[in-house]
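For reference, the structure is listed below as structure tokens.
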Amino acid sequence: MYGSAAEIANLTSSDKFDAALAIHLYKGGRLLQGSRIPFGIIFGGTDVNEDMKCREKRQVMGAVLERARFAVAFTVEMKELAAAEWPDAREKIYVQSQGIKATPSETFDWHQFLQNAGIPADSGPVHLFLLVCGLRRVKDPLYLVEAFSEWHRKDPSVYLGIIGPAVDPLFTSEVEERVKRAPGVRVLQELPQPELHAALRCCLALANSSSSEGMSAAILEAMDLEVPVLARNIPGNAAIIKHKETGLLFSTPQEFVALSKSLMNDPTLEKEIVTRAKEYVEQHHSWEGERKTYQSLVQRLQ
């Protein structure tokens, strides 16, 4: 792992590297500041949505964007936010949504997964909601915990599983401690992507409670797998979910519970949502289209 611009500059000064592509205008881009090779940048989401609020980070990102041959935003809205701050860079910012192709494991053992999570699977039906995220504050995994526990006390069949890498170890400990006191909520062991996709395919719905998002790959993967999505109503999520058409958007934990109940009690609604969401992903998030865009952009690094 390389943690400084000097280390990256030293690495890229060898003849082995002709160009670079960084993800996240601040976290990735700042490491390329001392490099002499040409590079492109892919916005992450929190760079434009959150880091731009900090003057020092904004200055770094502006300098990186000035040097970049091109930048990629996942949505038009993300491009406009960046272009409003750095108008001279508008022409070099391209919009390309994430391409998605879910690859669920065919040997995944759902019963064993529930058993490992401490969720009883033999005493009746289990309705599991999966909240897939890297454990850090901007993902706000604790947002739904209190309301969900209250619902679980009334309906013991419902569970919320929080699953993802411990990006922020200190915050992960905080989440784990809070969840210990929350009936019906579990912090689950991280899974390889094929197994995670298989678990998603078996659960009732994907939940997203982030306070800020660029474009959630987990949401798009769930759509591709024809799993209903309930997501917090923030700009990044609303850009890819049309309420009650390709998913459900909530603004409070209580609204999440109410919408979840309606989803459980209305199979027709569920079927309509997952069908339209699958069509949306196939039309707007093709991995083949994404590949063609990047093949074209990489030519600018020569």
Side-chain angles (χ1 to χ4, degrees), residues 1-52 54-76 78-79 81-83 85-103 134 136 138 164-169 190 192-194 196 213-218 220-221 236 285-302:
M1 293 292 289
Y2 298 90
S4 72
E7 288 177 301
I8 295 294
N10 185 53
L11 176 70
T12 57
S13 64
S14 72
D15 293 335
K16 295 178 182 178
F17 299 94
D18 298 316
L21 182 62
I23 299 174
H24 203 281
L25 186 53
Y26 179 70
K27 291 178 182 176
R30 68 189 174 92
L31 296 177
L32 290 172
Q33 282 188 294
S35 299
R36 295 180 181 177
I37 58 174
F39 63 85
I41 291 286
I42 302 171
F43 295 159
T46 53
D47 42 11
V48 177
N49 292 330
E50 303 298 326
D51 292 336
M52 200 151 55
C54 171
R55 186 174 62 85
E56 290 179 5
K57 290 181 178 180
R58 193 166 61 244
Q59 288 176 339
V60 170
M61 292 192 291
V64 170
L65 194 53
E66 186 176 350
R67 277 202 57 213
R69 294 280 181 90
F70 65 82
V72 177
F74 293 142
T75 64
V76 172
M78 199 184 292
K79 172 178 177 171
L81 274 174
E85 180 64 35
W86 302 290
D88 291 344
R90 175 180 289 276
E91 297 305 314
K92 68 165 75 172
I93 303 174
Y94 298 82
V95 177
Q96 172 59 54
S97 58
Q98 289 189 76
I100 289 297
K101 186 173 177 61
T103 54
R136 52 194 177 114
V138 73
V167 178
D168 180 338
E190 188 182 356
Q193 194 172 58
L196 178 59
E213 282 282 5
M215 180 173 285
S216 168
L220 297 174
E221 287 162 354
H285 296 277
S286 155
W287 65 269
E288 292 101 331
E290 182 186 46
R291 181 176 62 183
K292 287 178 183 176
T293 296
Y294 282 104
Q295 283 175 335
S296 172
L297 288 174
V298 163
Q299 301 303 315
R300 297 172 179 270
L301 300 179
Q302 293 180 352

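We number each residue from 1, following the sequence as shown.
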Is there side-chain contact between Gln96 and Tyr294, with at least one heavy-atom pair below 4.5 Å?
yes
Is a side-chain N or O of Asp18 found less than 3.5 angstrom from the main chain of Gln302, in a donor-acceptor match?
no
Looking at Leu301 and Ala19, what are the two nearest heavy atoms and their distance?
CB-CB, 3.7 Å
Side chain of His24, backbone of Gly44: donor and acceptor closer than 3.5 Å?
no
For Arg300, is there any backbone N or O sitting under 3.5 Å from a side-chain donor or acceptor partner on Arg69?
yes
To the nearest 0.5 Å, how far apart are CD in Glu221 and CD1 in Ile100?
4.5 Å
Nearest atoms (heavy-atom pairs only) where Phe74 meets Met215:
O-CE, 3.4 Å
Check against side chain to side chain contact (heavy atoms under 4.5 Å, CB included), Thr293 and Tyr94:
CA-CA 9 Å; Thr293 296; Tyr94 298 82; 5.7 Å; no
State, to 0.1 Å, how close Leu32 and Ala22 come at their nearest heavy-atom pair, and which atoms those are.
CD1-CB, 3.6 Å
Can you tell me if Gln295 has over 12 outside heavy atoms packed within less than 6.0 Å of its CD?
yes
Quick one, Trp86 and Met61 - any side-chain contact, counting heavy atoms below 4.5 Å?
yes
Does a side-chain N-to-carboxylate-O contact under 4.0 Å join Asp51 and Lys57?
yes
How far apart are the closest heavy atoms of Gly29 and Ile41, and which atoms are they?
CA-CD1, 3.8 Å
Spacing of OG1 belonging to Thr75 relative to CD belonging to Gln98, to within rounding of 0.5 Å:
10.5 Å
Could you please spell out the steps behind the side chain to side chain contact (heavy atoms under 4.5 Å, CB included) verdict for Phe39 and Arg67?
CA-CA 8 Å; Phe39 63 85; Arg67 277 202 57 213; 3.6 Å; yes
Give a yes or no answer on whether the side chain of Lys92 reaches the backbone of Val72 with a donor-acceptor pair at less than 3.5 Å.
no
Ser35 (side chain) donor-acceptor with Ile37 (main chain) under 3.5 angstrom
no
Ile93 versus Ala83, closest heavy-atom pair with distance:
CD1-N, 4.3 Å
Taking the side chain as everything from C-beta on, heavy atoms only, tell me whether Glu91 gets closer than 4.5 Å to Phe70.
no
Around atom CD of Glu56, are there more than 12 heavy atoms from other residues, nucleotides or ligands closer than 6.0 Å?
no
How close do Met78 and Ala73 get, heavy atom to heavy atom, and via which atoms?
CB-CB, 4.0 Å
Give a yes or no on whether the backbone of Gly99 and the side-chain of Glu290 come within a donor-acceptor separation of less than 3.5 Å.
yes
Rounded at 0.5 Å granularity, tell me how far CZ in Phe43 sits from CG in Leu81.
9.5 Å
How long is the straight-line distance from CH2 of Trp287 back to NZ of Lys292, given to the nearest 0.5 Å?
10.0 Å
Could you check whether atom CD of Glu66 has more than 12 heavy atoms from other residues, nucleotides or ligands sitting under 6.0 Å from it?
no
Is there a donor-acceptor pair under 3.5 Å between the side chain of Asp47 and the backbone N or O of Leu25?
yes
